[in-house]
Amino acid sequence: MKFEKELVHGKLIKRYKRFLADIELDTGEVVVAHCTNSGSMKSCLENGAEVYLTPVDDPKRKTKFTWEMIKINGDWVGINTGNPNKLAFEAISNGEIPGLDGYTTVKREVKFGDSRFDVYAENEQEKCFVEVKNVSMKENEYALFPDAVTTRGQKHLKTLMEVKKQGMRAVMLYIIQRSDVQIFAPAKEIDPAYAELLKEAQTAGVEIFPMQAKVTPTEITLSKKLPFEL
């Protein structure tokens with residue numbers, strides 16, 4: 001996934017009200033950027049750290065920038081929660097994820113019951129629903145999800161189990177937007193209910209794909225599938 005516009009460099013002053021961040025640009029100007037991440041952003045917030053923003057031309061938007069990434073321990077961490085969905089759609093459409101390739105039809109935002117899944121793919125052999133989650137939290141060598149309690153995420157796992165029960169393929173795809181981790185796991189201490197449901201979902205046949213992404217100021221690319229512990 002290549003960024004359509006040239007990103008703007010600056011440094012983080014502070015994040016506040018969940019969806020806003022004050023950024024000092026290299027010019028010295030201080031701007032307010034939109035933060036798409038509604039979670040705690042634990043382990044990827046550091047005041048004074050380098051950041052990159054996308055400029056936004058929409059006259060209806062109050063904020064003229066979207067916050068894309070932050071540099072933590074010398075590496076870029078992607079914090080825009082919308083990017084993993086684009087990345088997953090591109091990668092599945094192009095057959096770039098081993099085990100999620102060979103599909104002839106790939107769509108975004110497809111309904112199943114009262115849920116809407118990020119990606120739907122099919123071929124002559126099977127139908128597959130994929131839910132995509134952004135992972136940015138790190139603890140030692142672990143990439144952890146979620147970084148805040150997610151009742152919506154719990155609902156998605158229950159619905160994926162129903163997808164599987166109806167004879168279709170159900171996939172939980174975690175896009176890990178940082179390179180300094182080696183293993184994926186649910187954040188049991190933050191959301192124990194989600195962790196239990198993920199274990200139950202795997203037992204029921206829901207597939208877990210933790211995909212690590214390399215984040216740079218020009219593009220985000222999937223690098224490899226990580227092992228996971230439940």
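Counting from 1, the numbers follow the sequence of the chain as shown.
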Sort and list the pairs that fulfil salt bridge (charged side-chain N to carboxylate O under 4.0 Å, His left out) and have at least one residue in residues 107-124, not counting sequence neighbours. D114-K155
K138 (side chain) donor-acceptor with L144 (main chain) under 3.5 angstrom: no
Does any part of the side chain of M69, heavy atoms only, come nearer than 4.5 Å to the side chain of I79, both counted from C-beta? no
With no hydrogens and no angle check, is any side-chain donor or acceptor of N37 less than 3.5 Å from a backbone partner on T81? no
Between H156 and K133, do the side chains contain an N or O donor and an N or O acceptor separated by less than 3.5 Å? yes
Examine the side chains of Q182 and Y142 and answer whether a donor and an acceptor come within less than 3.5 Å of each other. no
Hey, is the main chain of P146 close enough, under 3.5 Å, to the side chain of D191 for a donor-acceptor pair? no
Flag yes if more than 12 heavy atoms outside K127 fall under 6.0 Å of its NZ atom; otherwise flag no. no
Is the number of heavy atoms from other residues, nucleotides or ligands under 6.0 Å of K42 NZ greater than 12? no
Over 12 foreign heavy atoms within 6.0 Å of CG, N73: no
Under 4.5 Å between any side-chain heavy atoms of T36 and F19, yes or no? no
Stepwise side-chain hydrogen bond (donor to acceptor under 3.5 Å, both in side chains) check, Q177 with N80: CA-CA 9 Å; Q177 288 202 79; N80 186 336; over 6 Å; no
Using the rule given for salt bridge (Lys or Arg N to Asp or Glu O under 4.0 Å), can you reason through E50 versus K11, listing the C-alpha separation, both sets of side-chain angles and the distance that settles it, and then say yes or no? CA-CA 4 Å; E50 290 183 68; K11 65 180 180 181; over 6 Å; no
With a 3.5 Å cut-off and no angle check, do the side chains of T63 and R61 form a donor-acceptor pair? yes
Would you call Y174 and Q212 a side-chain contact if the rule is heavy atoms closer than 4.5 Å? no
Side chain of S40, backbone of A148: donor and acceptor closer than 3.5 Å? no
Between T66 and T54, do the side chains contain a donor N or O and an acceptor N or O under 3.5 Å apart? no
About how many Å separate CD1 of I175 and OG of S136, when rounded to the nearest 0.5 Å? 13.0 Å
Is it the case that more than 12 heavy atoms not belonging to E126 sit under 6.0 Å from its CD atom? yes
Could you check whether Y16 and D22, counting side-chain N and O atoms only, form a donor-acceptor pair closer than 3.5 Å? yes
Take atom NZ in K165; do more than 12 heavy atoms of anything else shown fall under 6.0 Å from it? no
State whether F89 and K86 meet the cation-pi test: NZ (Lys) or CZ (Arg) under 6.0 Å from the six-membered ring centroid, and within 45° of the perpendicular axis. no
Does one side chain, of E68 or N83, offer a donor that lies under 3.5 Å from an acceptor on the other? yes
Using the benzene-type ring in the case of Trp, are the ring centres of Y52 and W67 under 6.0 Å apart? no
Should M161 and E200 count as side-chain neighbours, where that means a heavy-atom distance under 4.5 Å? yes
Atom CD of E189 with >12 non-hydrogen neighbours under 6.0 angstrom: no
Less than 4.0 Å between a side-chain N and a carboxylate O, is that true for K60 and D58? no
Basic-acidic side-chain contact under 4.0 Å: K214, D75: yes
Is the distance between the ring centroids of F184 and F145 less than 6.0 Å? no
Could you check if a side-chain atom of V163 sits within less than 4.5 angstrom of a side-chain atom of F117, using non-hydrogen atoms only? yes
Do the side chain of E90 and the main chain of E96 share a donor and acceptor less than 3.5 angstrom apart? no
